[in-house]
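Structure, as structure tokens:
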Amino acid sequence: MSALDFTGTSASHDLLAGLNEQQQASVLAIDGPILVVAGPGSGKTRVLTHRIAYLMEVEGVPGDRILAVTFTNKAAREMRARIEQLRHGRPLDGVVMGTFHAFGARLLRENPGVVADRLRILPQFTIYDTADQAEIVKAALTSLGLDPKLFQPRRILGRISAAKSQLITPDEARNLAETYDEEVIARVFKEYERLLRRANALDFDDLLTQPIHLFEEAPHLLERYQERFQHILVDEYQDTNRVQYVLVSALAERHRNLFVVGDPDQSIYGWRQADIRNILDFEKDYPDARQIHLELNYRSTARIVEAADRVIRENVARIDRRLRTDNDEGEPIVLRELTDQAHEAQFIADEIRRMAQFQDVAYDDIAIMYRTTAQSRALEEALRFRGLPYQVVGGVRFYERKEIKDVLAVLRLLHNPADTVALERIIGNLPMGRGLGPRALEAITTWAAAERRTMLDGFLAVAGRGATETAPALSGAARSAAQRVGATIAGLHEMLIDEPLTALFDAILDRTGYGATFDRTEEEDLDRWANILELRSELERLGDDAARETLPQYLERVALVADVDTLDTDERGRVTLITLHSAKGLEFPVVFVAGVEEGLLPISRAIENEHLRPEELEEERRLFYVGMTRAERLLYLTYVSSRATYGKVGYSVPSRFLTAIPNHLVRSLGRRGSLRTEGKAGLRDRVRGEPPPAVAAPAPPVVTYQAGQKVFHPKFGEGVVREATERAGDQEVAVEFVRHGTKRLLASLAAMETLD
């Protein structure tokens, strides 16, 4: 029976209620390949969740026959919660839902025997994060006799990741190398892979490539999963790379019920090897595919939607569709020019304070977005100076803090004894490793290689707790330290069987001596200790959970946490500082996009490659479009006339992207807050060529100051005017600044704003 035969049923009516015509069509298109082109704020998550619920409730598809792939854990959690609500609290009955990386890890965990036999990866493998991977690259460079100081490990790691995302092997990379640099990278790539396998570890790219290798080595497994997953749904399809494309295409080959949702206008991860052609060429791959457009935006005001649509229409590589909305017109977009980044940050912070005090806008309703992480410094300083609460998304995540990684290293080693990065971190950072120098570690490494054992086996052998008759030749302090490490790890390992994770955690802090290293009278140590206690609390909560997490499950989840998953949405309320790349998928009532200038947005390298690689400039325009469409009610776009970059101050001009925004949608403010009458042509002239001559516009009026006034200076911060003296049509102002003492300035050059 077809889906349309069920539309009269109660379940069908409930699941289609509240959906517009295009959304309903997306839910009801059951069979065959479907491409849903979903504009920002058009309800794509609603479509995905209602479709899965419809498949289960109306079409009778068992949950374990459905695979739904997302790009963030946050999106997966939200989808799961919504589907359970649509099904009136009933569980999802085996629906496989999560990120590509989590799904890849699941495939490998579900087939331990075949994975060990065909791929030589043991079931207790560790997932290395970026910092761990960089350590392996350093080790690979050292092993090859290359200096890590001359060959940047993170640059090489990026090139290795790019190769893996194209399914290029180390040997293929060596054959493709045309320069000395590429040849070196290929050699490091091969040694990097060897060291990963020796540590029984996988990097993030392996979680995608190894399942493909597994299916190539064991075709019967691919056939089993092809038969199992009757319906495959992929969110954010425009962000898939070649590996993800190959994996999804292979799994969908049997039933061909591939439902992909995405928007080429929001493809912003080309630098991560995302391939926009996957979505643009979907109908070439599947000639019988049906294409449905979700064009109605439910998120933003009409002014924001029209402005964003006008911006993105200047791109060529896109699927043509018009973004529209039935929402109210809303406030004009605020376009503000400032003198420099300090002035920009001060303006944004003052606007936030004004909205919070006089318009009752909650701090967590506000986001400040920017192109590069370096832009956050001035913004943070301005917010701190005014006492405004904020959080930086994409900063040092909880699980990446030193003290957390130190404790997790012990848990990782207990789970995977071959994890050399974890062992070396323990030796270097925990008290029990004191006394072990480079010579001792080299002796243990040499012994391990000769015996074909792990480094940990060497420590256990010295402590008399190993299964070998030989032991590394150590003496004195080094031998005592090795015995201490081996005995401690062996004792902790015995607790894995019967003791809860909290008891194991307490034993780690006690037996390794790590807990005693925190000085409870020092503020910095107190903060670090608070993080340790928070980690313990998390383990305690896991122990109380009905679906109690095992250590392997916990370590895997921690390894796969993304930046946006750390976004704090609790009741305390904090302004969110976030890069434009990290902001996709989020929405805020108020959005500031800072630094909308040539060289930042678009970034300078895209401008330099404009004629050779026009796709880079188009991706920058898509990034601006993503930032604009995160805003629900208010959108601020700021740029400066001069900006310090790499210690040098240079003149800036507004971004070319601004020229696409019609004047009637914008309220353009000058440096001192007065309305500007600059027309679109004038702004275009400033963007495309040299700044107009001084006679093109009257100079801004010189602000006069009086003793007792509170002012803000872009460089010196807040202060009080103590004296103001007339000087040939100008003023010489003596200001006592809170942090910099008294300064004498000319009013015409000071660019100060009054605070009262």
Side-chain angles (χ1 to χ4, degrees), residues 100-101 104 118-121 128 130 132-199 201-217 222 238-250 267-281 284-285 317 605-606 608-619:
F100 269 103
H101 293 91
R118 305 292 177 89
L119 303 181
R120 299 293 187 266
I121 299 171
Y128 277 177
T130 304
D132 297 329
Q133 293 167 38
E135 290 299 317
I136 293 293
V137 171
K138 289 179 186 177
L141 286 165
T142 302
S143 175
L144 295 172
L146 301 170
D147 188 351
K149 294 180 181 179
L150 297 178
F151 297 90
Q152 300 171 344
R154 289 190 179 271
R155 181 184 72 88
I156 293 177
L157 183 59
R159 297 286 293 276
I160 291 173
S161 178
K164 285 191 173 187
S165 69
Q166 297 295 322
L167 290 172
I168 296 173
T169 67
D171 289 337
E172 289 170 339
R174 186 75 174 263
N175 293 333
L176 292 170
E178 296 181 350
T179 65
Y180 173 70
D181 184 61
E182 291 174 349
E183 192 269 337
V184 168
I185 290 171
R187 288 168 55 204
V188 175
F189 184 7
K190 187 163 189 173
E191 180 65 8
Y192 170 83
E193 289 292 278
R194 188 186 72 81
L195 293 177
L196 275 182
R197 295 295 87 80
R198 191 179 76 175
L202 303 179
D203 62 20
F204 291 135
D205 293 301
D206 288 330
L207 297 178
L208 303 177
T209 60
Q210 292 299 334
I212 293 175
H213 297 327
L214 176 64
F215 289 152
E216 290 173 340
E217 293 290 329
L222 175 59
Q238 78 280 349
D239 292 329
T240 53
N241 60 22
R242 173 170 171 74
V243 180
Q244 293 159 336
Y245 168 82
V246 169
L247 184 59
V248 167
S249 300
S267 179
I268 59 174
Y269 297 119
W271 52 283
R272 290 183 183 171
Q273 313 308 313
D275 193 341
I276 193 174
R277 293 174 300 180
N278 291 347
I279 190 168
L280 293 178
D281 294 343
K284 292 182 180 178
D285 296 330
R605 63 175 175 271
E608 294 165 2
N609 297 330
E610 181 176 357
H611 299 296
L612 293 175
R613 296 177 58 85
E615 64 272 16
E616 291 185 10
L617 192 61
E618 292 213 344
E619 181 160 317

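Annotation: Arg187, atom CZ; neighbour count of heavy atoms from other residues, nucleotides and ligands within 6.0 Å is above 12. The local environment of CZ in Arg242 is sparse, with at most 12 non-hydrogen atoms from other residues, nucleotides or ligands closer than 6.0 Å. Other residues, nucleotides and ligands contribute only 12 or fewer heavy atoms inside 6.0 Å of the CZ atom of Arg613.
Atom CG in Asn278 sits 9.0 Å away from atom OG in Ser267 (nearest 0.5 Å). For the atom pair Leu617 CG and Glu608 CD, the distance stands at 12.0 Å (nearest 0.5 Å). For the atom pair CG of Asp275 and CG of Leu280, the computed distance is 9.0 Å after rounding to the nearest 0.5 Å. Considering CD1 of Ile276 and CD of Glu618, their distance stands at 7.5 Å, rounded to 0.5 Å. Atom CG of Leu157 and atom CD1 of Ile185 lie 11.0 Å apart (nearest 0.5 Å). Note that the OG1 atom of Thr169 and the NZ atom of Lys190 stand 9.0 Å from one another [nearest 0.5 Å].
In this structure Asp239 satisfies the side chain to side chain donor-acceptor pair (under 3.5 Å) test together with Lys584, sequence neighbours excluded. Contacts of Phe100 classified as ring pair (Phe, Tyr, Trp, His ring centres under 6.0 Å), with partners at least two apart in sequence or in another chain: Phe71. For the side chain to side chain donor-acceptor pair (under 3.5 Å) test, no residue two or more places apart in sequence or in another chain qualifies with Gln210. Partners of Leu176 under the side chain to side chain contact (heavy atoms under 4.5 Å, CB included) rule, at least two apart in sequence or in another chain, are Ile168.
Counting only distance, with no hydrogens or angles, the side chain of Glu182 and the backbone of Glu178 share a donor-acceptor pair below 3.5 Å. Proximity of a side-chain donor or acceptor of Gln133 to a complementary backbone N or O of Tyr128 within less than 3.5 Å is detected. Without hydrogens or angle criteria, Gln244 side chain to Asn241 main chain gives a donor-acceptor distance under 3.5 Å.
Between Val188 and Val184, the closest side-chain pair of non-hydrogen atoms falls below 4.5 Å.
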Anything under 3.5 Å between a donor and an acceptor, one on a side chain of residues 158-165, the other on a protein residue two or more places apart or in another chain? List them.
unit_1 : atom_1 : unit_2 : atom_2 : d
Ser161 : OG     : Asp205 : OD1    : 3.4
Ser161 : OG     : Asp205 : OD2    : 2.8
Lys164 : NZ     : Glu193 : OE2    : 2.7
Lys164 : NZ     : Asp203 : OD1    : 3.3
Lys164 : NZ     : Asp203 : OD2    : 2.8
Lys164 : NZ     : Asp206 : OD1    : 2.9
Lys164 : NZ     : Asp206 : OD2    : 3.4
Ser165 : OG     : Ala162 : O      : 2.8

Could you give the side-chain donor-acceptor pairs of residues 144-156 under 3.5 Å, partners two or more places apart or in another chain?
unit_1 : atom_1 : unit_2 : atom_2 : d
Asp147 : OD1    : Lys149 : N      : 2.9
Arg155 : NH1    : Asp181 : OD2    : 3.2
Arg155 : NH2    : Asp181 : OD1    : 2.9

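Contact between Phe189 and Ala173 at its shortest, heavy atoms only, is CD2-CB, 4.1 Å. Of all heavy-atom pairs between Ala186 and Pro170, the closest is CB-O, 4.3 Å.
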Working for side-chain contact (heavy atoms from CB on, under 4.5 Å), residues Leu167 and Thr209: CA-CA 7 Å; Leu167 290 172; Thr209 60; 4.0 Å; yes
Audit row: Thr240, Val248, side-chain contact (heavy atoms from CB on, under 4.5 Å) steps and yes/no: CA-CA 10 Å; Thr240 53; Val248 167; 5.9 Å; no
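The pair Glu191-Arg194 meets the salt-bridge criterion, with a side-chain N (NZ, NE, NH1 or NH2) lying under 4.0 Å from an Asp/Glu carboxylate O.
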